[in-house]
Participant: 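Input: one structure, supplied below.
For the numbers below, each heavy atom of this structure counts, side chains included, while hydrogens, waters and symmetry mates do not. Owing to the predicted nature of the structure, the values given are computational and were not obtained by experimental measurement. We name chains A, B, ... by the order of the sequence lines, and we start the count at 1 in each one.
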Amino acid sequence: MPTLSRRFSTLSTPIDLFLQWKPQRETQQLLWPPLSPSQLQKQQKLLQSKLILALDGCTSVKHVKQVHAHLLCQGLDQCCFVLSKLIRMLTKFCVPMETYPRLIFHQVRCPNPFLWNAMIRGFILQGTLSESVSLYNCMRRDGTRPLSFTFSVFFKACSATLDVDLGTQMHAQTILVGGYGSDLYVGNTMIDMYTKCGLLESGRKVFDEMPDKDVISWTELIVAYSKSGDMESARDLFVELPVKDKVSWTAMVTGYAQNARPREALEVFKRMQTEEVETDVVTLIGVISACAQLGASNYAKWVRDVAERSGFGPHENVVVGSALVDMYSKCGSIDEAFKVFKQMKERNVFSYSSMIVGLAIHGRCHEAIQLFHDMLESEIKPNHVTFIGVLTACSHVGLVEQGQQLFAAMKTHYDVDPSVEHYTCMVDLLGRVGRLEEALEVIKTMPVEPNACVWGALLGACRTHRNPDIAQLAANNLFELEPNTIGNYILLCNIYASAGMWDEVSEVRKLMREKGLKKSPGYSWIEGKKGEIHEFFAGDMRHPMSIEIKQALEDLVNRLKAHGYVPHLNSVTYDLHDEEKRRLLLNHSEKLALAYGLLSTDVDYTIKIMKNLRICEDCHAFMCGASKITGREIIVRDNMRFHHFHNGTCSCGNFW
DNA sequence: ATAGGGTTAG
């Protein structure tokens with residue numbers, strides 16, 4: 001009489017059930033009357049599915065071996081159906097294909113396509129593509145027709161290893177063997193292979209020749225175009241795509257975001273909302289990144305609400321949470337970013353890095369360094385980005401020694417190899433405090449090839465510390481690496497102009513003219529009360545309130561002058577009359593934006609200005625003064641960092 | 001068996 005506990009003990013996983021079997025031949029017991037052939041076949045089938053179930057439940061190689069022993073005992077050593085599953089399990093547990101799986105395979109006289117496939121797949125997964133290829137050739141000599149997913153597995157491997165030669169050969173094979181022309185899996189993995197290997201046109205050709213395409217084929221190509229920067233082709237395909245799903249929509253949102261077109265990304269996302277397409281984590285990450293680029297608070301709030309409503313708030317999802325931290329910090333709301341960070345239930349290296357970098361670019365460097373130390377205690381290992389953040393923080397507050405110590409510890413304690421970026425931080429660290437020769441020495445002795453960023457950091461430091469000689473050296477290297485980046489020439493012009501070296505200024509100007517480089521127009525934007533964006537270009541009079549803005553600026557500059565503000569005429573690199581320089585300076589777009597902000601918002605409202613270029617010295621001093629005499633909080637995000645102006649001082653410490 | 005994903009810097 002079975003007790004209750006005995007009965008419950010039978011409620012176990014398939015592998016446990018299996019292990020209770022007695023190893024005896026279940027199918028050939030002497031029975032009377034004997035089983036008919038169809039009954040026998042049924043019994044065989046049952047046994048096979050039992051074995052498959054047992055294999056599915058295996059959690060170790062040992063289990064698989066037990067099932068194998070049982071299988072042999074039942075006389076199923078030729079049963080390809082079960083054996084291919086068995087080999088798949090061995091692959092899953094990383095048993096080297098050369099050993100046990102190969103042995104099993106060799107004992108089979110007539111392997112079926114599934115068994116071949118299991119072997120080929122196993123070798124591919126273990127990184128021995130060449131062995132897979134020779135197995136494939138054996139299979140072909142054997143007269144066996146490959147399965148469509150044998151090809152898929154190959155294409156996937158070629159896409160991962162960027163082995164376009166093998167991919168092309170396999171493509172030829174599909175044509176040679178024939179009959180795969182309408183197979184979606186083969187076609188789609190082939191498109192993926194070609195596009196990942198950078199042969200967009202070949203991918204497109206496969207796509208065009210496919211008689212049936214599904215949404216996956218379309219999406220693969222859309223992604224390929226957007227990765228190549230061709231959003232126009234991506235959009236054209238998307239428009240033609242008959243049935244769009246959330247993945248193809250997301251591909252468009254992310255595509256625009258990754259191509260620095262945040263407004264279009266937001267447009268697509270809005271349309272997704274009106275068409276009631278489901279929003280998931282991946283969609284959110286794309287649109288959050290777009291918001292971060294735009295830096296618009298109202299959009300930020302809206303996107304965050306959508307995230308919360310979809311059930312992926314910072315509390316639920318680390319990735320969304322980390323993206324929101326980055327977004328808020330780039331929108332100028334560093335306190336909100338910190339709030340989100342604290343709300344997060346789970347934090348990873350991305351969350352910490354985003355927060356540390358955020359604090360650093362907002363000039364809250366001691367907090368950034370503190371957070372870095374908190375992170376070390378939380379057992380989350382810092383990565384290369386974390387170090388960029390904390391080194392940036394050190395350099396912003398002039399903590400040279402601490403920065404140098406951290407830099408040294410990177411490799412020895414945290415196993416992070418210093419990259420060019422980290423050396424850039426070191427050049428910046430030394431350059432900011434005026435140790436320009438030492439910074440130059442770092443560049444000369446660094447083990448990695450210095451890139452434009454490194455020389456740019458040095459050139460930037462030369463501007464602050466007015467050193468035209470080293471500037472010349474840095475600029476020459478920079479011009480070689482980035483002959484067409486206008487900002488470098490302008491920076492050098494500024495440095496020469498500050499030193500009154502007008503001949504050199506005109507030399508550089510001549511160089512720019514010869515190269516046909518045009519100054520990209522500086523512009524600033526500010527968010528209105530209702531979330532609308534107001535854009536200002538230098539000297540722009542197109543804004544409906546231009547007259548008032550101009551007047552407000554005149555008033556402001558007069559009040560500032562009374563408080564000792566002197567226009568930094570050196571910020572103008574044209575050799576003009578001082579009066580003309582004064583006029584030009586007052587036209588700078590961030591000043592126009594500031595005047596609009598002062599006119600249109602209440603006293604307790606923080607004015608947030610975004611700018612596409614680096615803020616000039618004059619505007620910086622102007623903002624400092626304005627924050628003092630108006631008592632307003634002003635934040636300017638230029639292309640480098642945030643400047644928080646409060647009561648006459650800036651968070652960057654006049655150092656940027 | 002096949003498609004979309006986050007942080008960095010002068």
Participant: Among the candidates B/dA9, B/dT2, B/dT7, find the nucleotide nearest to the side-chain atoms of A/I361.
Facilitator: B/dA9

Participant: Between atom CE in A/M327 and atom P in B/dT8, what is the gap in whole Å?
Facilitator: 14 Å

Participant: Would you verify whether the NZ or CZ of A/R145 falls within 45 degrees of the ring axis of A/Y180 while also being under 6.0 Å from that six-membered ring's centre?
Facilitator: yes

Participant: Contact class for A/E421 (heavy atom, under 4.0 Å): base, sugar-phosphate, or nothing?
Facilitator: base

Participant: Once you apply a heavy-atom cut-off of 4.0 Å, does A/L478 come out as touching a base, just sugar-phosphate, or nothing?
Facilitator: base

Participant: Looking at B/dA1, I'd like to know if its phosphate oxygens (OP1 or OP2) sit under 4.0 Å from a side-chain N or O belonging to A/K156.
Facilitator: no

Participant: With a 4.0 Å cut-off on heavy atoms, is A/S248 in touch with a base, just the backbone sugar-phosphate, or nothing at all?
Facilitator: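 Since no nucleic acid heavy atom lies under 4.0 Å of A/S248, the category is nothing.
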
Participant: For B/dT8 and A/K330 - does any side-chain N or O of the residue sit under 4.0 Å from the phosphate oxygens OP1/OP2?
Facilitator: yes

Participant: Would you mind classifying the nucleic acid contact of A/D183 as base, sugar-phosphate or nothing, using non-hydrogen atoms under 4.0 angstrom?
Facilitator: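 Here A/D183 touches no strand at all.
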
Participant: Quick one: sort the A/F387 and A/Y414 rings into parallel, tilted or perpendicular, breaks at 30° and 60°.
Facilitator: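 Rings of A/F387 and A/Y414: tilted, as their planes differ by 30° to 60°.
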
Participant: Counting the atoms with a prime plus P, OP1 and OP2 as sugar-phosphate, which does A/A461 contact under 4.0 Å by heavy atoms, base, sugar-phosphate, or nothing?
Facilitator: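 Nothing, no nucleic acid heavy atom in range.
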
Participant: Just N and O in the side chain of A/Q258: are any of them under 4.0 Å from OP1 or OP2 of B/dG4?
Facilitator: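 Negative; the distance criterion is not met.
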
Participant: Any base atoms under 4.0 Å from A/V357, or only sugar-phosphate, or nothing? Heavy atoms, all strands.
Facilitator: sugar-phosphate

Participant: According to a strict under-4.0 Å criterion, is A/R641 in side-chain N/O contact with OP1 or OP2 of B/dA9?
Facilitator: no

Participant: Ignoring backbone atoms, establish whether A/R88 has a side-chain N or O less than 4.0 Å from OP1 or OP2 of B/dA1.
Facilitator: yes

Participant: A/W455 has an atom CH2; how far is it from atom C1' of B/dA9, in whole Å?
Facilitator: 17 Å

Participant: With heavy atoms under 4.0 Å as the rule, sort A/V253 into base, sugar-phosphate or nothing.
Facilitator: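 No contact.
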
Participant: At 4.0 Å (heavy atoms only), tell me whether A/T283 reaches a base, stays on the sugar-phosphate, or touches nothing.
Facilitator: base

Participant: Is A/K227 near enough to B/dG5 that one of its side-chain N or O atoms lies under 4.0 angstrom from OP1 or OP2?
Facilitator: yes

Participant: Is A/R432 paired with A/D428 through a side-chain N to carboxylate O contact shorter than 4.0 Å?
Facilitator: yes

Participant: Applying a 4.0 Å non-hydrogen cut-off, can you work out what A/V325 is touching in the nucleic acid: base, sugar-phosphate, or nothing?
Facilitator: nothing

Participant: Have a look at A/H171 and tell me which of A/F155, A/Y194, A/F154 forms a ring-ring contact (aromatic ring centres under 6.0 Å, His included) with it.
Facilitator: A/Y194

Participant: So what does A/T254 touch, heavy atoms closer than 4.0 Å: a base, only the sugar-phosphate, or nothing?
Facilitator: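 If one applies the 4.0 Å heavy-atom cut-off, A/T254 turns out to touch the sugar-phosphate alone, with no base involved.
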
Participant: If you check every side-chain atom of A/I216, which of B/dG6, B/dA3, B/dT8 has the closest atom?
Facilitator: B/dA3

Participant: Among B/dG6, B/dG4, B/dA1, which is the nearest nucleotide to the side chain of A/S322?
Facilitator: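 Among B/dG6, B/dG4, B/dA1, the one nearest the side chain of A/S322 is B/dG6.
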
Participant: Once you round it to whole Å, what is the distance between P of B/dT7 and CZ of A/F387?
Facilitator: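 It works out to 20 Å between those atoms.
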
Participant: May I ask you to decide if A/E316's main-chain N or O and A/K345's side chain share a donor-acceptor pair within less than 3.5 Å?
Facilitator: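 No; zero donor-acceptor contacts below 3.5 Å.
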
Participant: Write down the distance between CG (A/L184) and C1' (B/dT2), rounded to a whole number of angstrom.
Facilitator: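 Computing the A/L184:CG to B/dT2:C1' distance gives 9 Å.
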
Participant: Using whole Å, what does the distance between atom C1' of nucleotide B/dT2 and atom OH of A/Y185 come to?
Facilitator: 7 Å

Participant: Is it true that A/K156 and A/D192 make a salt bridge, defined as a side-chain N closer than 4.0 Å to a carboxylate O?
Facilitator: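 Looking at A/K156 and A/D192, the cut-off is not met.
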
Participant: From B/dG5, B/dG10, B/dT7, pick the nucleotide closest to the side chain of A/A452?
Facilitator: B/dG10

Participant: To the nearest Å, how far apart are A/R432 CZ and B/dG10 P?
Facilitator: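 The distance from CZ of A/R432 to P of B/dG10 comes to 7 Å, rounded to the nearest Å.
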
Participant: Between A/N383 (CG) and B/dG6 (P), how many Å, whole number?
Facilitator: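 Value for this atom pair: 15 Å.
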
Participant: Between B/dG10, B/dT8, B/dG4, which one does the side chain of A/H384 approach most closely?
Facilitator: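 Nucleotide nearest to A/H384's side chain: B/dT8.
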
Participant: Contact class for A/T189 vs. all strands (heavy atom < 4.0 Å): base, sugar-phosphate, or nothing?
Facilitator: sugar-phosphate

Participant: Verify the stacking flag for A/F350 against B/dG6: centroid separation must be under 5.5 angstrom and the ring planes must differ by under 30 degrees.
Facilitator: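 Base of B/dG6: stacked against A/F350.
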
Participant: Could you give the CG-to-P distance, from A/N612 to B/dG10, as a whole number of Å?
Facilitator: 16 Å

Participant: Answer with base, sugar-phosphate or nothing: what part of the nucleic acid does A/V223 contact at a heavy-atom distance below 4.0 Å?
Facilitator: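 Sugar-phosphate only.
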
Participant: Flag the pair A/R364 and A/D335 as a salt bridge only when some basic side-chain nitrogen lies within less than 4.0 angstrom of an acidic carboxylate oxygen.
Facilitator: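 A salt bridge is present here (some side-chain N lies under 4.0 Å from a carboxylate O).
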
Participant: Of the listed nucleotides (B/dT7, B/dG4, B/dA3), which one gets closest to any side-chain atom of A/K246?
Facilitator: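 Per side-chain heavy atoms of A/K246, the pick is B/dG4.
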
